[in-house]
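Taking it in order: structure first as C-alpha coordinates, then the write-up.
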Amino acid sequence: MEHEMVLVAGNANQPLAERIAACLDLQLADALVGRYSDGESRVELRTNVRGKDVFIVQPTCPPVNHHIMEAIIIADACRRASAGCVTLVAPYFGYARQERKSVSRTPITAKLTADLIEVSGIKRVLTLELHESAIQGFFNIPVDHLFIKPVFAAHYRQCHNMAVISPDAGGVERARAMAKLFACELAILDKRRENPNDSTIMNIVGNISGKDCLIVDDICDTGGSLLNATTALLKNGARSVRAAVTHAVLSGTAVEKLAASQLKELLVSDSICLSPAAAACKKIVSRSVAELLGTAMRRIHNSESISKLFI
Ligand code: R5P
(Lines give C-alpha, C1' and ligand atoms only; values in the text may rest on other atoms or scores of the structure.)
Protein backbone atom coordinates (compact mmCIF):
# COMPACT_ATOMS: atom_id res chain seq x y z
CA MET A 1 0.00 0.00 0.00
CA GLU A 2 2.81 2.42 0.94
CA HIS A 3 3.80 3.31 -2.62
CA GLU A 4 0.27 4.52 -3.33
CA MET A 5 0.46 7.44 -0.94
CA VAL A 6 1.41 10.75 -2.61
CA LEU A 7 2.06 14.06 -0.81
CA VAL A 8 1.65 17.29 -2.75
CA ALA A 9 2.69 20.54 -1.07
CA GLY A 10 1.12 23.89 -1.83
CA ASN A 11 3.01 27.06 -0.99
CA ALA A 12 1.25 27.80 2.30
CA ASN A 13 3.65 25.85 4.53
CA GLN A 14 6.36 23.99 2.64
CA PRO A 15 8.50 23.35 5.75
CA LEU A 16 5.58 21.57 7.45
CA ALA A 17 4.97 19.49 4.30
CA GLU A 18 8.64 18.50 4.31
CA ARG A 19 8.50 17.56 8.01
CA ILE A 20 5.40 15.42 7.41
CA ALA A 21 7.07 13.74 4.43
CA ALA A 22 10.13 13.00 6.61
CA CYS A 23 7.91 11.48 9.34
CA LEU A 24 6.26 9.28 6.72
CA ASP A 25 9.57 8.43 5.08
CA LEU A 26 8.26 9.74 1.76
CA GLN A 27 9.38 12.29 -0.81
CA LEU A 28 7.08 15.18 -1.71
CA ALA A 29 5.60 14.76 -5.18
CA ASP A 30 7.27 16.61 -8.01
CA ALA A 31 4.80 19.39 -8.75
CA LEU A 32 4.98 22.90 -10.10
CA VAL A 33 2.85 25.15 -7.91
CA GLY A 34 3.52 28.69 -8.99
CA ARG A 35 1.89 31.73 -10.57
CA TYR A 36 1.39 33.20 -14.00
CA SER A 37 2.56 36.78 -14.42
CA ASP A 38 -0.97 38.06 -13.78
CA GLY A 39 -1.06 36.31 -10.38
CA GLU A 40 -3.25 33.34 -11.32
CA SER A 41 -2.10 30.02 -9.84
CA ARG A 42 -0.25 27.67 -12.15
CA VAL A 43 -0.14 23.98 -11.24
CA GLU A 44 1.45 21.07 -13.06
CA LEU A 45 1.81 17.65 -11.44
CA ARG A 46 4.93 15.93 -12.68
CA THR A 47 4.41 12.84 -10.54
CA ASN A 48 1.85 10.32 -11.77
CA VAL A 49 -1.11 10.30 -9.37
CA ARG A 50 -3.43 7.95 -11.28
CA GLY A 51 -5.26 5.79 -8.76
CA LYS A 52 -3.09 7.11 -5.90
CA ASP A 53 -4.09 8.28 -2.43
CA VAL A 54 -3.14 11.96 -2.69
CA PHE A 55 -2.69 14.25 0.33
CA ILE A 56 -2.47 17.97 -0.41
CA VAL A 57 -0.70 19.75 2.45
CA GLN A 58 -2.02 23.29 2.51
CA PRO A 59 -3.13 25.18 5.62
CA THR A 60 -5.38 27.98 4.38
CA CYS A 61 -3.46 30.67 6.26
CA PRO A 62 -2.76 34.24 5.08
CA PRO A 63 -2.94 35.17 2.27
CA VAL A 64 -6.07 33.08 2.86
CA ASN A 65 -7.85 33.66 -0.47
CA HIS A 66 -4.75 32.74 -2.44
CA HIS A 67 -4.04 29.62 -0.40
CA ILE A 68 -7.62 28.37 -0.69
CA MET A 69 -7.53 28.88 -4.46
CA GLU A 70 -4.15 27.17 -4.68
CA ALA A 71 -5.43 24.16 -2.69
CA ILE A 72 -8.51 23.67 -4.84
CA ILE A 73 -6.57 24.20 -8.07
CA ILE A 74 -4.10 21.48 -7.01
CA ALA A 75 -7.11 19.28 -6.18
CA ASP A 76 -8.58 19.94 -9.63
CA ALA A 77 -5.30 18.90 -11.22
CA CYS A 78 -5.29 15.69 -9.12
CA ARG A 79 -8.89 14.88 -10.01
CA ARG A 80 -8.29 15.44 -13.73
CA ALA A 81 -5.17 13.26 -13.47
CA SER A 82 -7.38 10.40 -12.16
CA ALA A 83 -6.15 10.42 -8.54
CA GLY A 84 -7.85 7.77 -6.44
CA CYS A 85 -8.74 9.80 -3.36
CA VAL A 86 -7.74 13.40 -2.65
CA THR A 87 -7.40 14.53 0.98
CA LEU A 88 -6.81 18.14 1.94
CA VAL A 89 -4.49 18.41 4.93
CA ALA A 90 -5.33 21.89 6.21
CA PRO A 91 -4.17 22.05 9.84
CA TYR A 92 -5.24 25.71 9.86
CA PHE A 93 -8.66 26.25 8.31
CA GLY A 94 -9.02 29.90 7.29
CA TYR A 95 -12.36 31.75 7.41
CA ALA A 96 -13.43 29.51 10.32
CA ARG A 97 -14.24 32.52 12.50
CA GLN A 98 -17.11 33.50 10.20
CA GLU A 99 -19.08 30.34 10.93
CA ARG A 100 -22.44 32.01 11.61
CA LYS A 101 -24.22 35.27 10.97
CA SER A 102 -23.27 37.27 14.04
CA VAL A 103 -24.91 40.37 12.55
CA SER A 104 -27.45 40.75 9.75
CA ARG A 105 -26.49 40.60 6.09
CA THR A 106 -23.10 38.95 6.58
CA PRO A 107 -21.74 35.81 4.89
CA ILE A 108 -20.94 32.44 6.42
CA THR A 109 -17.53 32.04 4.89
CA ALA A 110 -16.65 28.81 6.69
CA LYS A 111 -19.54 27.12 4.84
CA LEU A 112 -18.66 28.78 1.53
CA THR A 113 -15.07 27.56 1.89
CA ALA A 114 -16.28 24.04 2.67
CA ASP A 115 -18.41 24.13 -0.51
CA LEU A 116 -15.45 25.28 -2.61
CA ILE A 117 -13.30 22.50 -1.21
CA GLU A 118 -15.94 19.88 -2.01
CA VAL A 119 -16.59 20.96 -5.61
CA SER A 120 -12.87 20.87 -6.35
CA GLY A 121 -12.90 17.09 -5.95
CA ILE A 122 -11.41 16.84 -2.46
CA LYS A 123 -12.89 13.75 -0.80
CA ARG A 124 -11.68 14.19 2.77
CA VAL A 125 -10.31 16.93 5.03
CA LEU A 126 -7.77 16.50 7.82
CA THR A 127 -7.61 19.50 10.09
CA LEU A 128 -6.48 20.61 13.54
CA GLU A 129 -8.18 22.63 16.27
CA LEU A 130 -11.00 24.09 14.22
CA HIS A 131 -12.23 27.38 15.62
CA GLU A 132 -15.61 25.69 16.06
CA SER A 133 -16.00 21.89 15.94
CA ALA A 134 -19.43 22.18 14.29
CA ILE A 135 -17.69 23.34 11.09
CA GLN A 136 -17.20 19.61 10.41
CA GLY A 137 -20.92 19.55 9.62
CA PHE A 138 -20.48 22.15 6.87
CA PHE A 139 -18.92 19.39 4.78
CA ASN A 140 -20.65 16.40 3.20
CA ILE A 141 -17.33 14.57 3.08
CA PRO A 142 -15.44 13.09 6.06
CA VAL A 143 -13.56 15.58 8.23
CA ASP A 144 -10.92 14.25 10.61
CA HIS A 145 -10.48 16.87 13.31
CA LEU A 146 -7.34 16.52 15.43
CA PHE A 147 -6.58 18.24 18.72
CA ILE A 148 -3.32 19.87 19.77
CA LYS A 149 -3.46 18.55 23.35
CA PRO A 150 -0.91 15.70 23.00
CA VAL A 151 1.62 18.02 21.31
CA PHE A 152 1.26 20.90 23.78
CA ALA A 153 0.78 18.84 26.95
CA ALA A 154 4.38 17.56 26.96
CA HIS A 155 5.67 21.13 27.16
CA TYR A 156 3.94 21.79 30.49
CA ARG A 157 4.43 18.52 32.34
CA GLN A 158 6.57 20.20 35.04
CA CYS A 159 4.09 22.98 35.82
CA HIS A 160 2.31 23.21 39.15
CA ASN A 161 0.02 25.73 40.84
CA MET A 162 -1.57 26.10 37.47
CA ALA A 163 -4.92 27.40 36.25
CA VAL A 164 -5.99 26.93 32.66
CA ILE A 165 -7.81 29.92 31.20
CA SER A 166 -10.35 30.00 28.41
CA PRO A 167 -10.08 33.48 26.87
CA ASP A 168 -13.78 33.44 25.91
CA ALA A 169 -16.95 31.38 26.26
CA GLY A 170 -16.38 29.73 22.87
CA GLY A 171 -13.07 28.21 23.99
CA VAL A 172 -14.30 26.55 27.19
CA GLU A 173 -14.37 23.00 25.81
CA ARG A 174 -10.77 23.30 24.55
CA ALA A 175 -9.52 24.80 27.84
CA ARG A 176 -11.46 22.32 29.96
CA ALA A 177 -9.77 19.40 28.18
CA MET A 178 -6.36 20.87 29.02
CA ALA A 179 -7.36 21.63 32.65
CA LYS A 180 -8.56 18.03 33.00
CA LEU A 181 -5.26 16.75 31.68
CA PHE A 182 -3.30 18.80 34.23
CA ALA A 183 -5.90 18.21 36.97
CA CYS A 184 -5.91 21.94 37.65
CA GLU A 185 -8.45 24.72 37.94
CA LEU A 186 -10.28 26.20 34.99
CA ALA A 187 -11.19 29.88 34.72
CA ILE A 188 -13.19 31.57 31.99
CA LEU A 189 -12.88 35.12 30.73
CA ASP A 190 -15.97 37.01 29.70
CA LYS A 191 -14.69 38.58 26.49
CA ARG A 192 -16.84 40.99 24.49
CA ARG A 193 -16.18 42.10 20.94
CA GLU A 194 -17.78 45.38 19.90
CA ASN A 195 -15.81 45.46 16.64
CA PRO A 196 -13.80 42.85 14.69
CA ASN A 197 -10.21 42.56 15.99
CA ASP A 198 -11.14 44.58 19.11
CA SER A 199 -11.97 42.83 22.40
CA THR A 200 -12.54 43.74 26.06
CA ILE A 201 -12.45 41.50 29.16
CA MET A 202 -15.53 42.16 31.29
CA ASN A 203 -15.28 39.50 34.03
CA ILE A 204 -13.23 36.54 35.22
CA VAL A 205 -15.14 33.42 36.25
CA GLY A 206 -13.00 31.21 38.53
CA ASN A 207 -10.13 31.54 40.96
CA ILE A 208 -6.87 32.78 39.46
CA SER A 209 -5.37 34.47 42.50
CA GLY A 210 -1.71 33.46 42.97
CA LYS A 211 -1.91 31.04 40.06
CA ASP A 212 0.40 30.45 37.13
CA CYS A 213 -2.14 30.92 34.37
CA LEU A 214 -2.08 29.18 31.01
CA ILE A 215 -4.39 30.72 28.41
CA VAL A 216 -5.45 28.10 25.88
CA ASP A 217 -6.79 29.35 22.55
CA ASP A 218 -7.07 28.26 18.93
CA ILE A 219 -5.85 31.40 17.14
CA CYS A 220 -3.63 34.35 17.95
CA ASP A 221 -4.32 36.90 15.22
CA THR A 222 -3.78 40.54 16.24
CA GLY A 223 -2.76 39.39 19.73
CA GLY A 224 -5.45 41.66 21.22
CA SER A 225 -7.30 38.85 23.03
CA LEU A 226 -4.08 37.50 24.57
CA LEU A 227 -2.83 40.90 25.66
CA ASN A 228 -6.15 41.91 27.22
CA ALA A 229 -6.41 38.54 28.95
CA THR A 230 -2.85 38.83 30.30
CA THR A 231 -3.49 42.31 31.67
CA ALA A 232 -6.81 41.29 33.26
CA LEU A 233 -5.36 38.14 34.86
CA LEU A 234 -2.34 39.93 36.35
CA LYS A 235 -4.54 42.79 37.57
CA ASN A 236 -6.71 40.25 39.36
CA GLY A 237 -3.86 38.53 41.19
CA ALA A 238 -2.43 35.90 38.81
CA ARG A 239 1.23 35.10 39.54
CA SER A 240 2.24 34.64 35.92
CA VAL A 241 0.62 34.27 32.51
CA ARG A 242 1.61 32.02 29.61
CA ALA A 243 -0.37 31.04 26.53
CA ALA A 244 -0.71 27.97 24.34
CA VAL A 245 -2.28 28.83 21.00
CA THR A 246 -2.40 26.37 18.10
CA HIS A 247 -2.48 28.71 15.12
CA ALA A 248 0.03 31.58 15.05
CA VAL A 249 -1.62 33.93 12.57
CA LEU A 250 0.17 36.88 14.25
CA SER A 251 -1.00 39.58 11.85
CA GLY A 252 0.07 43.23 11.86
CA THR A 253 2.14 44.20 14.88
CA ALA A 254 1.12 41.18 16.99
CA VAL A 255 4.70 39.96 17.49
CA GLU A 256 5.97 43.36 18.65
CA LYS A 257 3.00 43.76 20.99
CA LEU A 258 3.49 40.29 22.49
CA ALA A 259 7.23 40.84 22.90
CA ALA A 260 6.57 44.04 24.85
CA SER A 261 3.79 42.52 26.97
CA GLN A 262 3.82 40.82 30.37
CA LEU A 263 2.98 37.47 28.78
CA LYS A 264 5.85 35.15 29.74
CA GLU A 265 5.64 32.71 26.86
CA LEU A 266 3.53 31.93 23.82
CA LEU A 267 3.56 28.29 22.74
CA VAL A 268 2.37 27.78 19.16
CA SER A 269 2.41 25.01 16.57
CA ASP A 270 3.82 25.00 13.04
CA SER A 271 0.34 24.74 11.48
CA ILE A 272 1.27 28.16 10.08
CA CYS A 273 4.83 29.06 9.13
CA LEU A 274 6.22 31.68 11.52
CA SER A 275 7.35 35.00 10.03
CA PRO A 276 11.07 35.78 10.55
CA ALA A 277 10.09 38.27 13.31
CA ALA A 278 7.98 35.65 15.11
CA ALA A 279 10.67 33.00 14.74
CA ALA A 280 13.22 35.40 16.25
CA CYS A 281 10.97 36.38 19.17
CA LYS A 282 12.31 34.73 22.35
CA LYS A 283 8.83 34.51 23.90
CA ILE A 284 7.42 32.44 21.04
CA VAL A 285 8.10 28.70 21.25
CA SER A 286 6.97 26.40 18.44
CA ARG A 287 6.18 22.67 18.57
CA SER A 288 5.69 20.70 15.38
CA VAL A 289 2.45 18.94 14.50
CA ALA A 290 4.13 17.05 11.65
CA GLU A 291 4.22 13.74 13.50
CA LEU A 292 0.60 14.05 14.63
CA LEU A 293 -0.55 14.85 11.09
CA GLY A 294 1.72 12.23 9.54
CA THR A 295 0.40 9.53 11.87
CA ALA A 296 -3.19 10.51 11.06
CA MET A 297 -2.43 10.50 7.32
CA ARG A 298 -0.83 7.06 7.51
CA ARG A 299 -3.84 5.73 9.40
CA ILE A 300 -6.30 7.32 6.95
CA HIS A 301 -4.34 5.75 4.10
CA ASN A 302 -4.45 2.34 5.77
CA SER A 303 -8.15 2.74 6.68
CA GLU A 304 -7.25 2.50 10.36
CA SER A 305 -8.95 4.30 13.21
CA ILE A 306 -7.49 7.66 14.20
CA SER A 307 -9.60 8.03 17.33
CA LYS A 308 -6.63 7.08 19.52
CA LEU A 309 -5.01 10.35 18.37
CA PHE A 310 -7.88 12.31 19.91
CA ILE A 311 -6.94 11.39 23.49
C1 R5P B 1 -11.81 34.04 18.83
O2 R5P B 1 -12.92 33.62 19.13
C3 R5P B 1 -10.62 33.17 18.69
O4 R5P B 1 -10.73 31.99 19.41
C5 R5P B 1 -9.37 33.91 19.09
O6 R5P B 1 -9.43 34.23 20.46
C7 R5P B 1 -9.22 35.19 18.30
O8 R5P B 1 -9.38 34.94 16.94
C9 R5P B 1 -7.90 35.85 18.55
O10 R5P B 1 -7.84 37.01 17.78
P11 R5P B 1 -6.95 38.24 18.21
O12 R5P B 1 -5.58 37.72 18.44
O13 R5P B 1 -7.03 39.17 17.02
O14 R5P B 1 -7.56 38.85 19.42
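All values below come from the heavy atoms of this structure, side chains included, with hydrogens, waters and symmetry mates left out. Every number for a ligand or one of its atoms is a count from 1 in the order of the listing.
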Return the residue, atom name and 0.1 Å-rounded distance of the protein heavy atom closest to [atom].
atom                    : answer
atom 13 (O) of ligand 1 : Thr222 OG1, 2.6 Å
atom 9 (C) of ligand 1  : Ile219 O, 3.3 Å
atom 2 (O) of ligand 1  : His131 CE1, 3.1 Å
atom 8 (O) of ligand 1  : Arg97 NH1, 2.9 Å
atom 3 (C) of ligand 1  : Asp218 OD1, 3.4 Å
atom 14 (O) of ligand 1 : Ser225 OG, 2.6 Å

- Message: Geometry only, no angles: is Asp217 polar-contacting ligand 1 at N/O separations under 3.5 Å?
- Response: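 Asp217 vs ligand 1: N/O contact under 3.5 Å present.
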
- Message: Show the nearest heavy-atom pair for residues Ala110 and Ile135, with the distance to one decimal.
- Response: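 Smallest interatomic distance, heavy atoms only, reads CB-CD1, 4.2 Å.
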
- Message: Is the contact between Lys257 and ligand 1 made by the side chain, the backbone, both, or neither, using heavy atoms and a 4.0 Å cut-off?
- Response: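 Neither; nothing of Lys257 gets under 4.0 Å from ligand 1.
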
- Query: When you look for heavy atoms under 4.0 Å from ligand 1, do you find them on the side chain of Leu226, its backbone, both, or neither?
  - Reply: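 Neither; nothing of Leu226 gets under 4.0 Å from ligand 1.
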
Going by atom type alone, with no hydrogens or angles, which donor-acceptor pairs under 3.5 Å involve a side-chain atom of residues 172-186 and a protein atom two or more places apart or on another chain?
unit_1 : atom_1 : unit_2 : atom_2 : d
Arg174 : NE     : Glu129 : OE1    : 2.9
Arg174 : NH2    : Leu130 : O      : 3.2

- Query: Should you measure from each heavy atom of Cys220, which atoms of ligand 1 turn up under 4.0 Å away?
  - Reply: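 Answer, ordered by atom number: 12 (O).
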
- Query: Is ligand 1 less than 4.0 angstrom away from at least one heavy atom of Gly223?
  - Reply: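 Contact check Gly223 vs ligand 1: positive.
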
